[in-house]
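We use all heavy atoms of the structure for the numbers below, so side chains are in, but hydrogens, waters and symmetry mates are not.
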Amino acid sequence: MAGKLERGRAAFERRAWATAWSELGAADREARLGPDDLERLAPAAFLVGRDEESIAVWARAHGARTRAGDGAGAARCAFWLASALLNGGHLARGGGWVARAQRALEGVGPDCAEHGYLGCAAALRLVLEGDAAGGVHRFAEAAELADRCGDPQLGALARAGQGRCLLRLGQVGAAMALLDEAMVAVTAEEVSPVAAGDLYCTVIEGCQEAFDVHRAQEWTDAFGGWCEAQPELVLYRGQCLVHRAELMLLRGAWAAAAAEAGRAGARLSGPAKDAVVGAGCYVQAELHRLSGRYAEAEEGYRQAHRRGRRPQPGLAQLRLAQGRVDDALVSLSQALDEADDVVTRSRLNAMAAHATGAVVLAEGDARAALGALRAAVAAWLTLDAPYEAARSQVLVGLACRTLGDEGSAELELGAARSVFTQLGAGPDRTAAETLSPRVASPAPGGLSPREVQVLVLVATGRTNRAIAAELVISEKTVATHVSSILTKLGLPSRSAATAYAFEHHLARGSGR
């Protein structure tokens, strides 16, 4: 046993989690481990995706601490066990372990840090039950206790939880400050690996909820480095890839997002939580929708829903692209009714304004569309969502052009192009460029300026329906233009037209 035990301890220290799980597990089968080594075996199991085994080992560690009369140690084990259960959606089981931990702390002084850990678990349960206001107070109390006790890990967990609660309550500025402060303990390596992984995930998810793309990108890059430094880590590596794909999607870098989502799918084929798999399915569905592959998108949203990831607002946008406007608006209204935080409601309102403006513009009422589209731009900017705001600005520019206000149209399109360039959203930048005659490419092969615009949009992967919406013309007219392009250039297919656009530098920046 001694050899296995020492190898397991050494593997734990160098964060080789699979080796630690294997060696410590083998030692445990030969002779039951003591509480210190059980507290190594439990997180090792968790970090290689063996959730139930981890919970069972934490329960054994709790029992060993209890028998030794170590109430604080027993409570600490119960906290990690309860956290795993609560985060996995097992509220009853998790709550039961919180209650057992509280009994373990009877007689332990009020300034013991374990009281704060249990406060975090109780706060998490409140949040999961829909009481963000109650949760924020419990997390704040835990943070104060962490400061008194000098426990940076507790402080980080409490402040991250407090920040996520404030996001739900619409206090975005204060929330982001707390999330950044929580990450100080992670970057200073003041927290355990399990706590670090959870903090990375909760902070990145908070940044995405707030549509703070730049902050989310910064922490996702750091998270990626943290994962790469632990080759045997299983639990968080798929999550990291999903977060990266989500950010690339937000920035308009669709080709890169597709590659990252594919890597995430391969990684998540092993042990993974359904919520993470669902998030990956949602990203894939979004990419299919944006590329015009509507049947694949539909199936992707269904898969995401089965895994516990709500398919909105992507499914509503799919319905809009399919011309099912009434279904899209019903879905958005339902999502608004179900939204349980201010930021999500604001995002859905912005999306509804964009969709309404796009529909009204396509119906030919540019003046009425302008009001909804300008409201969408303002809402996206309030949420610090530059990519989405720029997409709405493109439609504002088209509405202005339809009304004969070419100067305002150029201002709006130019602002959108600038954002797309900054974010690396190649397909969107190229599409915006084609809408401005001042920057349009020369027309080879006898193509008209409008045919050049259609050709470039074909090269970005857009369908005829999507091109019609973008140029505010009928789908039949787009089909006529595509046929004319193929005839004039002597090309057999849309794929050949796409290749021609790249070869003649008409599709500059569109993902190459």
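- Ion pair Arg159/Asp147 flagged as a salt bridge, since at least one NZ, NE, NH1 or NH2 atom sits closer than 4.0 Å to an Asp/Glu carboxylate oxygen.
- Looking at Glu299, its side chain never comes within 3.5 Å of a backbone N or O of Ala295 through a donor-acceptor pair.
- In plain terms, the two heavy atoms of Ala113 and Leu145 that are nearest each other are O-CD2, 4.3 Å.
- Looking at Gln312 and Tyr301, their side chains never bring a donor and an acceptor atom within 3.5 Å of each other.
- No donor-acceptor distance shorter than 3.5 angstrom exists from the side chain of Ser22 to the backbone of Ala18, with no hydrogens or angles considered.
- Side-chain atoms of Thr220 come within 3.5 Å of backbone N or O of Ala216 as a donor-acceptor pair.
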Go through Phe12 and Trp17 one step at a time and tell me if the ring-ring contact (aromatic ring centres under 6.0 Å, His included) criterion holds.
-> CA-CA 6 Å; Phe12 185 88; Trp17 307 118; 5.3 Å; yes
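- In terms of modelled atom types and a separation under 3.5 Å, the side chain of His115 and the main chain of Gly109 share a donor-acceptor contact.
- The shortest non-hydrogen separation linking Leu199 to Ala160 is CD2-CB, 3.5 Å.
- The existence of a salt bridge linking Arg103 and Glu106 is excluded, since no basic side-chain nitrogen approaches an acidic carboxylate oxygen closer than 4.0 Å.
- Counting only distance, with no hydrogens or angles, the side chain of Gln102 and the backbone of Leu118 share no donor-acceptor pair below 3.5 Å.
- Contact annotation: the side chain of Trp58 approaches that of Glu39 to within less than 4.5 Å [non-hydrogen atoms, C-beta and beyond].
- In terms of the ring-ring contact (aromatic ring centres under 6.0 Å, His included) criterion, His354 has no residue partners (sequence neighbours excluded).
- For Gln153 (side chain) and Ser192 (main-chain N/O), a donor-acceptor pair under 3.5 Å exists by modelled atom type.
- Under the side chain to side chain donor-acceptor pair (under 3.5 Å) criterion, Thr187 pairs with no residue, sequence neighbours left out.
- Minimum heavy-atom separation, Val191 to Ala156: CG1-CB, 4.4 Å.
- In this pair, His62 and Trp97 present their aromatic rings perpendicular. The plane angle is above 60°, beyond the 30 to 60° band.
- Ion pairing of Glu218 with Arg215 is absent here, as no side-chain N (NZ or NE/NH1/NH2) approaches a carboxylate O to less than 4.0 Å.
- Between the side chain of Tyr200 and the backbone N or O of Val186, no donor-acceptor pair lies under 3.5 Å.
- If you run salt bridge (Lys or Arg N to Asp or Glu O under 4.0 Å) between Asp28 and each of Lys4, Arg60, Arg40, only Arg60 comes through.
- The shortest heavy-atom contact between Arg9 and Leu24 is N-CD2, 4.0 Å.
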